[in-house]
Structure formats: structure tokens, C-alpha cells
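In each ligand, atom 1 is the first atom listed, and ligand 1 is the first ligand listed. These numbers come from a predicted model, not from an experiment. Residue numbers start at 1 and run along the sequence shown.
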Amino acid sequence: MRTDARFFDGEIARDHAVSLELVPDGLAIGGPEVTPRVWSLAGLAAVAPMRAGYPLRLSHEAFPGARLVITQESFARELVRLVPHLAGGPNLKRAGRLAAIIGASALAAIAVLYLTLSYAPQSLAFILPDSWRKNLGDQVEASFAGDGKLCATSSSNALLRTLSARLMEDNPDAPPFELKVYDLSMLNAFALPGGRIVMTRKLIDAARSADEVAGVLAHEIGHVQHRHAEAQLIRAMGIELLLQIVSGGGDSISGFAGLLAILRFSRDAEREADSYAQDMLVKAAIDPTGLKRFFEELKKLEGKGDSGGLFGTMTDIMSTHPVTDERIDAIKPLPQGVTARPTLNDTDWAGLRKICG
Ligand SMILES: [Zn+2]
């Protein structure tokens, strides 16, 4: 019996298409981008209880960072028949490990959280303590921080604070956030857990006005407001995520493959972030058509399939925040009677363009 699946190898930050086959000594994983390997059935664990209509996500005790995602239901069901503990429910062995780490007194609380996180990641994201969210944000940032320079000098930090404060004008209910710029090889912006927002230098290079950057920032603040990053990590990593944060030690999740790839949101999440951005921009009197133009430009460039230069990695942002005509159409200009105020003065905009030197 065989099927196609997605495989995170625990080493590089993206998933691979693989084929899976049940062989006498386990589950054989192969594909053009991975070294063939066999996972023993006894070592398999389900990342979350199996649910109809959802992919089965598996880990293996011998390869802590790696994940397999199986979408074909008949294959997943056959696997669960052979390895009944994959069907879900607390894994006693893992529960024992957890108890040893954090002590039995916290176990009851964790059991409740376990049930909650398996069935309501979005709700759980709102009860995570801020210190846990910050810890998660630190770990996600650590997973890519080595890939490029953090553009942080006292003047660049002051500029980012000016831009952030501009967005917050007349938005007293906006969530706290911290903006950072990295010089990475990709064009993208990310909302990390704990209210941290990362933009890449290439994104700022690609924007033609401060309004466009402000629009993207407002969109990311929408993801922060809805805690999409926290929910998505909980969804993808399940109880192991809690184990990592609560134990505060052991393997860092920053070694987990595909952390940034995981921060890929659903269409509903994208719509929520867009609608938040629209409101925020109108309140701050920043013209939302900047965001519209930026999205239109991304969409055009993606169609060209340019494979080099600045826009060679243009599709990065499309893969984590896919832009559709529906999303572009939903962005409206400032309403009658609201006069746009500039996002930044010319000096600050020129400074932002040179933020990474
Ligand atoms: Zn988004």
C-alpha cells in the first residue's frame, strides 16, 4: 500500500513531496529530495488525535524534529489499524515523560490544555500567557535569524518606532507589537507569536511608497490581533509545543523544520487580517490603496515567473499570504470626508529605504 505525503525532515525549513509505502519493517519514505528511510511502526506517534477530514500528522521518537503529513484517508486508516495508538488520546509514554519534566501537579492542567489544543487551537491561542507567546516568538525568530542580518541601529530602530507609532494613531485598541527588519534572501513579512512582526529588506525595496509598507504592516498587525501565528503553531505541533515551552529546556523548537513554512495561514485568516488592516488604515488616515497597489504588483510579478534578481523570490510572500483578486477587490479607498495624511515624511521614507545600509 502506498500514497503521496508531505515530509518535514527536521533540518531545512520547507516540506518535501514524498511517497510512502508500508513495508514489512515499517513505513518507507522516499522521494526526489529526500534520502530514503524507513520509520519503524512502533516509534510512530500522532501529533494530534486523528480526525475525519484532517490530515494525519506523524512524528517518530527516533527523529524528534521530523514530521509526516498524510492526507489520503484510506492510507491513514490502514496505518491506524496497524498502529492503534495513532488513533489519538493521550499517549501514555509521552504523558509519562511530560510528568517527569514538569511534575505531576501541573499534569491536570496540561491534560485540559491537551484537549483544548487538539480541538480549538484558535481559542487556546488567546489563553496562552504572554511570556509563553514571547518565548515562542523568540524561538521562531532564532530559527531564521542566522540566515541574514538584523537591520538594527539606533537610527533604524527610531525609524521603525516612528512608522509603528504612525499606524497606531487613532487605533488605541491595536495589540502591542514590535517591528523588526531582516536582510534575508526572501521578500516577505511575518507575524510571529507574541506580537513580533518581521519584514524583509526586499519587501521594503519592492514597495514604492511608505503607504504600501504601512499597508503590509497593518495586515501583519491583523495577524497579531487574531493570534494566527500562535494558533497555527499549536495546530501544527500539538502537545510537543507545550512540552517545549513549559519545560523551558530540552530541544528548542527553533530546530524544528519549516517553522516559517508553518506560518502559512488559511484564506479565512488572510481575510481577517485584510479586514483588520482596512479598518486600521482608515482610522490612521493612511490611504489603503497603497496596500491594494502592493498586492496588485505582487500578483503581476508572480505571473511573470521571474527567476532572478529582486523579484526572484517574490512568490515567498504569495506562499504565506496568497493574494487573490477577491482580496484585492476587498480593499477600499479612504471613505468620503477622511483626508489622507502621509505615512512618513520624505526624509523618513528615504531612511527606511536604506534601513539595511
Ligand atoms: Zn497574511
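- For Thr343 and Asp211, the side-chain atoms include at least one donor-acceptor pair closer than 3.5 Å.
- Residues Val38 and Leu68 fall into different hydrophobic clusters, defined by Ile, Leu, Val, Met, Phe, Trp and Tyr side chains chained together at heavy-atom separations under 4.5 Å.
- A single hydrophobic cluster is not seen to contain both Leu334 and Met280; linkage of ILVMFWY side chains at heavy-atom distances under 4.5 Å, directly or through other members, places them apart.
- Using a cut-off of 4.0 Å between Lys/Arg side-chain N and Asp/Glu carboxylate O, Arg201 and Asp183 are scored as salt-bridged.
- Sorted by chain and number, the protein atoms of type N, O or S within less than 2.8 Å of the Zn ion (ligand 1) are His219 NE2, His223 NE2, Glu270 OE1, Glu270 OE2, His321 ND1.
- Note on Arg208 versus Glu297: salt bridge recorded, some NZ/NE/NH1/NH2 to OD/OE distance being below 4.0 Å.
- A cation-pi arrangement is present between Arg327 and Phe295 under the rule of less than 6.0 angstrom and at most 45 degrees off the ring axis.
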